[in-house]
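For reference, the structure discussed in these notes is given below.
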Amino acid sequence: MKLPIPYGCQEILPEDQAAVQEALSQELITQGSYLTRFEADFSAYLNASHSIAVANGTAALHLSALALGWEKGHTVICSPLTFVASVNCVLYTGASVDFVDIDPKTGLMDLQLLKEKLESSPEGTYQGVIPVDYAGLPIQMDEVAELTRTHKLNILEDSCHAPGGVYVDRDGVKQHCGNGAYADAAIFSFHPVKHLTTGEGGMITTRNQALADKIKQLRVHGIHKSPEPPEGGWYYEMQELGYNYRLNELQAALGYSQLKRAAANLALRKQKARIYDEALADLPIKLPAAAEGHAYHLYVIRTEKRKELYDYLRSQQILTQVHYIPVNYQPYYQNLGWKKGDFPHAEAFYDQCLSIPLYPHLGEDQQAYVIEKIRTFFKGY
Ligand SMILES: *Cc1c(COP(=O)(O)O)cnc(C)c1O
């Protein structure tokens, strides 16, 4: 059995390596055919209209925030229980952040609190909201859209944890996380711990053609090039301040190859989550909120003995992780005025949460070992 066991990690198979090899032998090793195929297949996987691949998930957040027009003087609502990148992107644009606490049962932004916040604020206080499909549990985007519509908020869904995640909307229609049915745009990350990887990489999905065009332009320095410029073939115009956030062909080939296994791997994640659900049910811990369409990026348990359990599992070569330290605990955000005590539900969640190993190729013996060690730990209490 392979030790140590991380909480999440990539799986690179010979076919992935072959795809990268093939990409290396192409004439174009950036902005080539793997990029367009990866983007097209990603849209098909989620039932989105446009997918735009970028250098990483944070770049995806940054470009989306810019393309949505957030800027100085605007305020965007975030969740305190997320990776700092989903909040930092607002600050990159010059806009300010505000937070809505989580629902302690799910870890998702509490939509009742969002509603109350919007209703008790003057019209025009907020320009956007960034809901996170925390751990892979889909947030009801139709409800977010319903609540925010009259306040004209733009919605940027952080779906990093939930490619393949599904929820049923009020009309009874199955919706994929990040498909753009209700959010203006959604973003994904292809960091090695996520569902699929490109080493580093990210994706923006949307059903809005104009937004997609804007994001594509921002991805290449804000440069526009017409097909037949009258000035000559060399001619291009930089029309706005953009970035170089491209994904190269080696990365795109890896993503293209990995995406072919995404559905099968999601099924494996669910299967392993069910095994934990059953094997840990009688212990004095809280198990993750169950949902049919959960994408199980993380399997987050909650216990009052979190620190002790983390240390014990580490001593047994099981490397768990904590998702997340509330954003309002970060010194940078404290300098902006946020403080401990601002978001009691996210903070209580943080005190108890622990992400135990879950990934498609987690071995049966490895998972049995993790279960055995968690059970052994709780015998002491
Ligand atoms: C991973 C992650 C990001 C950032 O993605 P990078 O590719 O590492 O830049 C943003 N938000 C969430 C919720 C994430 O899990």
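Values below: every heavy atom of this structure, side chains too, minus hydrogens, waters and symmetry copies. In listed order, ligands and their atoms are each counted from 1.
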Exercise for the section: Sequence neighbours left out, what pairs pass salt bridge (Lys or Arg N to Asp or Glu O under 4.0 Å) with at least one residue falling in residues 163-175? Expected result: Asp142-Arg170
Note down each nitrogen or oxygen pair, ligand 1 side and protein side, whose separation is under 3.5 Å; give only atom names and the distance to 0.1 Å.
unit_1, atom_1, unit_2, atom_2, d
ligand 1, 5 (O), Ser189, OG, 3.3
ligand 1, 7 (O), Gly57, N, 2.7
ligand 1, 7 (O), Ser189, OG, 2.7
ligand 1, 9 (O), Gly57, N, 3.3
ligand 1, 9 (O), Thr58, N, 2.8
ligand 1, 9 (O), Thr58, OG1, 2.5
ligand 1, 11 (N), Asp158, OD2, 2.8
ligand 1, 15 (O), His161, NE2, 2.9
ligand 1, 15 (O), Lys194, NZ, 2.9
ligand 1, 15 (O), Tyr324, OH, 3.4

Exercise for the section: Give a yes/no verdict on a cation-pi contact between Lys260 and Tyr256, requiring under 6.0 Å between NZ or CZ and the six-membered ring centre and an angle within 45° of the axis. Expected result: yes
Practice task
Please answer whether the main-chain N or O of Leu63 pairs with a side-chain N or O of Arg219 as donor and acceptor at a distance below 3.5 Å.
Solution key: no
Handout entry: Tyr45 ring center within less than 6.0 Å of Phe188 ring center
Key = no
Practice task
Answer yes or no on whether Arg306 is positioned over the face of Tyr350, meaning its NZ or CZ is under 6.0 Å from the six-membered ring centre and within 45° of the axis.
Solution key: yes
Exercise for the section: Would you confirm whether the ring centroid of Tyr276 sits within less than 6.0 angstrom of the ring centroid of Tyr296? Expected result: no
